[in-house]
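Working notes for the structure below.
Proteins get letters first, then strands, A, B, ... in listed order; numbering begins at 1 in each. Since the structure is predicted, the reported quantities are computational estimates derived from the model, not experimental observations.
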Amino acid sequence: MYLTRDPIDAAALVSRARACDGGVCVFVGVVRDHNEGRATTGIEYEAYGPMAEAEIRRLVNGLAERWPQVRVEILHRVGRLAIGDASVAVVATAPHRAEAFAACREAIDRLKTTVPIWKKEFYRDGTSDWVDPTRMHAAPRER
Amino acid sequence: MYLTRDPIDAAALVSRARACDGGVCVFVGVVRDHNEGRATTGIEYEAYGPMAEAEIRRLVNGLAERWPQVRVEILHRVGRLAIGDASVAVVATAPHRAEAFAACREAIDRLKTTVPIWKKEFYRDGTSDWVDPTRMHAAPRER
Amino acid sequence: MNVKLLYFASFRDKAGRDEESRVLPEGSRVRDAWAALASEVPDFAAFPAMPPAAVNLEYAAPDRLLRDGDELAFLPPVAGG
Amino acid sequence: MNVKLLYFASFRDKAGRDEESRVLPEGSRVRDAWAALASEVPDFAAFPAMPPAAVNLEYAAPDRLLRDGDELAFLPPVAGG
């Protein structure tokens, strides 16, 4: 299971990873209180659950093929998140640090572009928007 | 203080870092049970303490100049370490992940090449050696 | 044949539904299903191109042949992480 | 003048001491201090080049002038991390 509705305990993930050898590279995404100049009060992640699980599994398998010595764990939160909450954690463990960094970076980069998860931002002015990193579709909508 | 004789609580460092915004990239070095084909039972880190503290401070200040939005924390353990212990933790917090990864990687790379800390490996056969990543000085010594 | 269509995030808002069963002619491809939707939902018609599609939990090309019972979803720009 | 010399790790093992106060002629540079050590410790004499040096907790070039009271250390290859 790569998706969770519960808070991500990044510290616990790091503790577990430390049990194995070499270098551990961890990335944790944290919900910010602003984005592109607008004050935010929280966000909501929605996933196409079964496909997101399958995509992350494919991503992890692809990393294992490319870096056989690296172990990658990924956990992404869905549902409503508050400022300061961890949205995602990637933990890459490897005998050497170059591989740990490379696999961790590749994991988060690919996750952000391929896994069907969507983010709605809630703004201090009471509006909300689905975030569109590609800016390909329609103008920001309000509600 | 960047050096400590006490065990590094990497999980606690991650918890603290999560309080700030954006992305957090963490690197934790873990003592391995082998190196270059030899089974190890533990290691000992020795530092030129006051200079190591000063060098890490210069390193952190250099990163802050290059990436003003990134906050970097570094903690390096000295003394005798067992297999599985964390030898070093670098925590880089930034509004965006690219900077967090870049600063974290730069910090650990520079730490390994400039900070006066030395490592003695203890081998299962009872011998020990000072590790020389440059292989510039003399043959391995035994005792 | 029958295809199960899913809508997520902004596409759900635009379509006003999150799921439907849809009858398509035999031999329909992913792009035909999109054309049918675009003819119904003005917001979709305004898109410059067909968005990424998934069939049975995997990304699928526009010319992918659909079969009875397939689960099909067009995906808004993803923003996880 | 007097300089405080520190030895670490493998250099301490080679020199058989971890610290000493050393008298050097006025005008001595870092490289002169190394030459003096190398003439005493055969292991040091065998080095192909002077190792990195630190004066008063900062890396220092071989031609750095030493002053009375300086803390000088020659540094074995570092291996932190």
Side-chain angles (χ1 to χ4, degrees), chain A residues 7-37 39-40 43 69 71 77 81-112 133, chain B residues 7-37 39-40 43 69 71 77 81-112 133:
Chain A
I8 293 176
D9 187 347
L13 287 174
V14 172
S15 295
R16 275 219 309 277
R18 276 189 47 207
C20 26
D21 60 6
V24 185
C25 184
V26 181
F27 178 80
V28 181
V30 178
V31 178
R32 300 189 294 167
D33 62 0
H34 64 280
N35 190 26
E36 299 186 354
T40 49
I43 59 176
Q69 296 193 291
R71 250 191 12 183
R77 183 141 171 228
L81 279 71
I83 307 299
D85 282 357
S87 56
V88 63
V90 178
V91 180
T93 309
H96 299 286
R97 73 185 183 286
E99 291 176 327
F101 272 97
C104 188
R105 181 68 196 269
E106 175 87 4
I108 186 68
D109 286 356
R110 288 193 48 196
L111 185 147
K112 281 176 179 266
Chain B
I8 292 177
D9 187 347
L13 287 174
V14 172
S15 296
R16 276 219 310 277
R18 278 190 45 209
C20 25
D21 60 6
V24 185
C25 184
V26 181
F27 177 80
V28 181
V30 178
V31 178
R32 299 189 294 167
D33 62 0
H34 63 280
N35 191 29
E36 302 186 353
T40 49
I43 59 176
Q69 297 193 292
R71 249 192 10 182
R77 184 142 171 228
L81 279 71
I83 306 300
D85 282 356
S87 57
V88 63
V90 178
V91 180
T93 310
H96 300 287
R97 73 184 182 288
E99 289 176 329
F101 272 97
C104 188
R105 181 69 196 268
E106 176 87 4
I108 185 67
D109 286 356
R110 287 194 48 198
L111 184 146
K112 282 175 179 266

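- Both the backbone and the side chain of A98(A) come within contact range of chain B, with heavy atoms under 4.5 Å apart.
- The candidate with the highest count of non-hydrogen atom pairs below 4.5 Å against chain B, out of C104(A), S87(A), A89(A), A92(A), is C104(A).
- The side-chain heavy atoms of V24(B) and V30(A), taken from C-beta on, include a pair separated by under 4.5 Å.
- Using cut-offs of 30° and 60° on the angle between ring planes, the pair F27(B) and F101(A) is parallel.
- Scanning all heavy atoms of the two residues, the minimum distance from C25(B) to C25(A) falls at SG-SG, 3.8 Å.
- The minimum heavy-atom distance between V14(A) and A10(B), with the atom names listed, is CG1-CB, 3.9 Å.
- Counting heavy atoms from C-beta outward, R105(A) and R105(B) have side chains that stay 4.5 Å or more apart.
- When heavy atoms are compared at a cutoff of 4.5 Å, D109(A) approaches chain B by way of both its backbone and its side chain.
- Comparing I83(B), V88(B), I108(B), V90(B) by how many heavy-atom pairs each has under 4.5 Å with chain A, the most go to I108(B).
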